[in-house]
Each structure stands twice: as structure tokens, then as C-alpha cells.
Amino acid sequence: MIVLNGKETALAVREELRVEIEGLKEKFGRAPGLAVILVGEDPASKVYVRNKEIACEKAGIVSTAYKIDAGVSQDELEDLILKLNNDDSVDGILLQLPLPKGLDSQKCLELIDPGKDVDGFHPVNVGKLMLGLPGFRSCTPAGIITLLERYNLPTSGKKAVVIGRSNIVGKPLAMMLMQYGDFANATVTVCHSRTAGLAEEVKGADFVFAAIGIPKFVKKEMVKDGAVVVDVGINRTDEGLVGDCDYEAIKETAKAMTPVPGGVGPMTIAQLLANTVEAFKNHNS
Ligand code: NDP
């Protein structure tokens, strides 16, 4: 079985970006800038933000973290977003989710300038994805497509099952897989908690994408021999970090599969850097 090593692939992508950023800095006289807003003390969010900061620093992106007290008001948070929208040194704005209770994350996301929306969550960018127009793509699904490209596993003409219909993973991934292109052109089925006969749907798939949030939800018996399995899940358990798929069992019969950790997670960060570089180039063009 081919292990889809997201850690190595992401490092390769990040190195390519580092080289590109060096050239961009020389050409435009400044480095790409990413503003990261972290509200409150959620431990997982703090780790994600730290990892993003480190990755930015290594690639030559200036990342500025705005660490804000959980007691911030909606108005204050919106003011900060508007200020960053107007700051020419900021190419990308990332609002780390989830926000503490009482804050309206959708309203905040919609305030971010779509040209700086490097997470690809703004309705304008979501709409552009739907229409197949250029725009920022949600980092996790876009990172998954890059991983398939790098391992030359085209989805064109294949049956793909996406389990999960969240706005940040399942839906945009399904939308990307049904666009035109070698690493798209799939016949896509989206499953969720109300899907009847989910196991049979998954069994028919050449590509299985699991974004559920339940440890080892996808079992070996559910997956066709020779399928490609992409596990998005990150579940903290007594065994440590576990994906949504039973890796040890499925790896016996799958053609290729992502491990957890070291699969999709690192690709998400690499895509964030790629989107930030894209935003920088757009601002300078
Ligand atoms: P959400 O909780 O937003 O969505 C989960 C989806 O799974 C929902 O659509 C839900 O269905 C579906 N689901 C839940 N239970 C079942 C079930 N029993 N059968 C079928 N479908 C079910 O999660 P996210 O999409 O945000 O994240 C999914 C996983 O991916 C999590 O483990 C998360 O930590 C991880 N993740 C990893 C990232 C990475 O970079 N590697 C990035 C983002 C997320 P319904 O809509 O009907 O409720």
C-alpha cells in the first residue's frame, strides 16, 4: 500500500513556497503578511495557531498573531477585522475557529475582505468554487487535492464518496471533486449522519474521504479492495491522535491511504501558506 505521506509532501510544498517567496520579496520589497486572530484560550486552537506561525516563519511569511481575550465584544472583533482589511501589509486574514460562545463567527467571516480570505470561507470564495472560478479554496480540501496530485492518483472518472458535509471540509471537497480536471471529474456521493445505507455507498467508492470526527468510523469491511482512502479526522483519544478510519486494518487492502497524524493535517497548513502567497501576488498584480 502507498502511504500518502502528508508530512513529507507538505514539507516539499513549503520548501517550494519558501523559494518562491524569496523571489517575491526581492521583486516587491516586502514579504507576504498573514494576520491570525485567536480569540480565547481553546488549547487545540492555540496549538494550530502556533503551528501555523512556525510554518509561516520558516517559509518567509510575516505572520502576526492577534491573541484576544475571550471577553472581546462582537463590535471590537469586527473593528479589528476591518482594520486588517485596510492594512496594506496584510495579505491574508485567518480567524481561528471556533470562537467563544456569544460571538457570531459567520458574521465575522463575512466581514473579511474576500481578497484576504486565505481560509476560503467567505461566501464569495465559496460561490466561486461552486462556479469553478478562481478564488481561495478551503485549505483542508485543497490540500487533499494537492496530495492526490503529488502521488499521481487522479480522480477523473472515479467514484468518490465523501463522508461529512461540513462547510470547511465535506462540502467544499465534494465541490472540488466534481469540477473539471484530472484531479476532479469524479462522480461524487456525499454521506452524512442521515445517510441510509452508508456502508454500501462507501463500498462502491474508488476514493473514500472521511471527515466525520468519530474515531475509526470507517472499517475495513466498508472499503473496496484497491480503494484510495483519505482520512481527515483528528480525534484525541486515550490511544493518542486517531483518524476516522481504521488505518491498521484498511491498509491491508487499500491501494493508498493517509495516516493520522502525518496525512491531511500538514497539507492543510501548506495550503494556507500557498493561499497567502496567492493573495500577496494578487495584491501586487
Ligand atoms: P463537523 O463536525 O463539522 O462535521 C462532521 C460531519 O460528519 C457532519 O456532516 C456529520 O453529519 C457527519 N457525521 C457525524 N456522525 C456521522 C455518522 N454517524 N455517520 C455519518 N456521518 C456522520 O466536522 P469537520 O468537518 O469540521 O471535521 C471532521 C473531522 O476532520 C474532525 O475529526 C476534525 O477534527 C477533522 N479536521 C481535520 C482537519 C485537518 O486539517 N486534518 C481540518 C478540519 C477538520 P451531519 O451533517 O448530518 O451532522
Side-chain angles (χ1 to χ4, degrees), residues 4-11 13-14 36 42-52 54-55 94-99 105-106 109 118-121 126 129 136-148 160-177 188-205 208-219 221-223 229-237 239-247 257-275:
L4 302 175
N5 189 329
K7 197 172 170 190
E8 259 180 23
T9 310
L11 279 176
V13 171
R14 284 165 53 180
V36 180
D42 180 63
S45 293
K46 279 173 145 178
V47 173
Y48 293 142
V49 166
R50 184 73 202 117
N51 288 342
K52 287 167 190 171
I54 293 168
L94 182 153
L95 177 63
Q96 185 66 43
L97 300 177
L99 292 181
S105 48
Q106 189 57 34
L109 291 176
V118 286
D119 250 340
F121 294 161
V126 176
L129 165 61
F136 293 113
R137 304 295 194 238
S138 179
C139 295
T140 300
I144 290 170
I145 302 293
T146 301
L147 190 60
L148 295 177
V161 166
V162 178
I163 317 173
R165 57 174 162 180
S166 71
N167 288 336
I168 62 168
V169 188
K171 273 191 227 165
L173 177 58
M175 197 53 71
M176 285 178 209
L177 289 166
V188 184
T189 301
V190 181
C191 297
H192 44 76
S193 68
R194 307 302 166 92
T195 299
L198 182 143
E200 295 84 77
E201 295 290 351
V202 175
K203 193 82 186 180
V208 179
F209 300 89
I212 311 153
I214 302 178
K216 299 185 186 178
F217 177 91
V218 178
K219 309 275 186 272
E221 313 76 73
M222 294 161 69
V223 179
V229 181
V230 175
D231 190 346
V232 184
I234 302 176
N235 307 291
R236 286 175 177 76
T237 71
E239 291 175 40
L241 282 190
V242 172
D244 288 345
C245 302
D246 187 352
Y247 183 84
M257 187 168 181
T258 57
V260 176
V264 173
M267 294 305 295
T268 299
I269 295 189
Q271 187 64 43
L272 171 69
L273 304 188
N275 284 357

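Order of listing sets the numbers, starting from 1, for every ligand and every atom in it.
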* To do: Locate the shortest heavy-atom distance separating Val223 from Lys203; write the atom from each residue and the value.
  => O-NZ, 3.7 Å

* Asked: Under a 4.0 Å heavy-atom cut-off, what residues line ligand 1?
  -> Thr140, Gly164, Arg165, Ser166, Ile168, Val169, His192, Ser193, Leu198, Ala211, Ile212, Gly213, Ile214, Phe217, Val232, Gly233, Ile234, Asn235, Val264, Gly265, Thr268

Backbone N/O of [Y] and side chain of [X]: donor-acceptor pair under 3.5 Å:
X: Ser138; Y: Ile168; answer: yes
X: Asn235; Y: Gly243; answer: yes
X: Asn275; Y: Asp119; answer: no
X: Asp244; Y: Phe217; answer: no
X: Thr258; Y: Val230; answer: no

